[in-house]
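Right, one structure below, let's go through it.
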Amino acid sequence: MKYSPDEVIQYIEEEDVKFIRLAFTDIYGKQKNISVMQDELERAFRYGIAIDASAIAGFGCDVHSDLLLRPDPSTITVLPWRPEHGRVVRMFCSITHLDGTPFVSDTRAILKNAIEDARKEGISFAFGPEMEFYLFTCDEDGKPTKVPYDNAGYMDIAPDDKGENVRREVCLTLERMGIKPESSHHEEGPGQNEIDFRYSDPLTAADNAITFKAVVNTIAARNGLKADFSPKPLESMPGNGMHINISAKEKDGRDVMPQVISGILEHICEITAFLNTTADSYKRFGSNKAPKYVSWSSENRSQLVRIPAADGEYKRAELRSPDPMCNPYLAFALLIWAGLDGIKKGLELPEMADINLFNAPEEETKKFRTLPGDLFSAGKAARESDFVNAHLPRSITENYCK
């Protein structure tokens, strides 16, 4: 629903809402917020709410550090885990300077710019992320351990799968917030879980991904557990991936997905630093269904880009290298721009690699480029990339590529 500020103010008055959380993320995708009382909402819409940007990662220094949060009324949602009396709602915000000009490191605004560039070319994108996470027990002091909540395996059921009630609570909470989960199951690792939700336009999909992590962390804590989205929580076990399902349509009906995939394959090494942001991210590559080579194929899970078996509106490409620590606003923006570049240049798909690259002999694998092997190499590729520097502000690139 596209609510107006007046409609939101009326809702606040009628539904016993007392607190409004104005949410945003730092450049790395970590959610932040400031809470205001209901009487301050009209001022928030009209003038914005000031924050100290010097304390936010990647936002700047102590000089001229004030920025304004300007709530997006279309993103209002109740936080179901907060009390019914004196309810709490959340809205995502745009970030501006005091004079109203956009803040260059607002990654949600960066994604909006990419969406607008696609619109001008007559292309619409949709994204559907699939995020994996581990559930760990906590000790008697409430501190997280590295002891998995269960020892179940892929798609096991209760009682081996102890996470099903947590996933159920997460799904019901997401549904109450207007996010529709499609499926959930136990993953391969002990205590590892996955919940998938429906395709959305890029901005909604990124907002939903940020909301999803907040909900999982909250529900896990309420159950005395710790949710861990890091790419390699346990050294010898499967890592957490964030597979990104991508579709693109041209307004006249032309199939542009081959060019979109080609553009992503062309630029993937340059943008990996933004899709895999920690040193542990690179420990995933090349095992447990995490790709290592720049390749594509139908259905084959050893590939970087997989074309799953699906028909009609569910036809898509699945990018398998990102992990849940990435900032979805930046990730989706870069993938849109890479896809547009593939369309503009008329890039053709390389030959399909319909082999298992996890156990293929070297004479086969040496034909393929490899993803960056560590965070330093990924940062170097991004820093030296004309493509990245043409689309991201220096403040973002310098922070990611230190």
Side-chain angles (χ1 to χ4, degrees), residues 20-36 44 48-60 65-77 79 88-97 102-115 127 129 131 133 174 177-179 197 200-218 227-231 240 242 244 271 273-278 281 322-336 391-402:
I20 298 95
R21 291 190 183 178
L22 305 181
F24 62 101
T25 70
D26 64 20
I27 66 169
Y28 302 108
K30 183 174 182 180
Q31 186 175 335
K32 307 285 187 177
N33 72 220
I34 184 171
S35 185
V36 299
I49 298 294
I51 61 167
D52 176 9
S54 68
I56 306 297
F59 274 24
S65 63
D66 285 348
L67 293 172
L68 295 175
L69 299 181
R70 298 180 181 273
D72 178 348
S74 70
T75 64
I76 186 171
T77 185
L79 301 186
V88 180
V89 299
R90 181 223 66 204
M91 283 182 282
F92 286 111
C93 297
S94 298
I95 308 171
T96 72
H97 294 283
F103 176 52
V104 70
S105 295
D106 178 2
T107 57
R108 193 169 185 268
I110 289 173
L111 176 55
K112 288 181 179 180
N113 292 338
I115 295 167
F127 290 91
M131 280 186 279
F133 60 93
L174 290 171
M177 298 177 75
I179 301 172
F197 38 95
S200 302
D201 66 272
L203 190 62
T204 300
D207 287 345
N208 287 352
I210 296 296
T211 301
F212 173 78
K213 290 178 72 173
V215 169
V216 170
N217 286 328
T218 299
D228 192 330
F229 286 92
S230 65
N240 286 324
M242 187 178 92
I244 301 177
I271 66 175
F274 305 97
L275 305 179
N276 304 93
T277 61
T278 72
S281 298
D323 66 61
M325 297 305 289
C326 76
N327 181 334
Y329 299 113
L330 278 183
F332 295 171
L334 288 167
L335 292 172
I336 288 172
H391 290 103
L392 295 186
R394 180 180 295 180
S395 58
I396 297 284
T397 305
E398 286 182 348
N399 276 279
Y400 269 85
C401 303
K402 290 176 182 176

**Report entry** Inter-residue atom distance Thr277.OG1 - Tyr28.OH, 0.5 Å rounding
**Finding:** 9.0 Å

**Report entry** Nearest-0.5 Å distance, OG1 of residue Thr25 to CG of residue Asn327
**Finding:** 4.5 Å

Query - His97 and Phe103 aromatic ring geometry - parallel, tilted or perpendicular at 30°/60° bounds - result: perpendicular

Query raised in the report: Distance from Leu392 atom CG to Ser105 atom OG, nearest 0.5 Å?
Result: 10.0 Å

Requested in this report: Show the numbers, then the answer: is there a side-chain contact (heavy atoms from CB on, under 4.5 Å) between Leu67 and Thr96?
Outcome: CA-CA 6 Å; Leu67 293 172; Thr96 72; over 6 Å; no

Report task. Kindly compute the distance separating CE (Met91) from CG (Leu22), expressed to the nearest 0.5 Å. Result -> 6.0 Å

Query raised in the report: Using 30° and 60° as the class limits, which term best fits the ring planes of Phe274 and Tyr400: parallel, tilted or perpendicular?
Result: tilted

Report summary line: Applying side chain to side chain contact (heavy atoms under 4.5 Å, CB included) to Arg21 and not counting sequence neighbours gives Asn33, Ser35, Leu79, Arg82, Val88, Arg90

Query raised in the report: Within the distance-only criterion (no hydrogens, no angle test), does the side chain of Asp323 pair as donor or acceptor with the backbone N or O of Asn276 below 3.5 angstrom?
Result: no

Report summary line: For Pro393, the side chain to side chain contact (heavy atoms under 4.5 Å, CB included) test, sequence neighbours excluded, returns Val104, Ile110, Ser395, Ile396

Query - Presence of salt bridge, Lys112 and Asp106, under 4.0 angstrom - result: no

Requested in this report: Ignoring hydrogens and angles, tell me if any N or O in the side chain of Thr397 forms a donor-acceptor pair with the backbone of Arg394 under 3.5 Å.
Outcome: no

Query - Any side-chain donor near an acceptor of the partner, Thr204 and Asp207, under 3.5 Å - result: no

Query raised in the report: Can you check whether Phe92 and Phe24 have ring centres sitting under 6.0 Å from each other?
Result: no

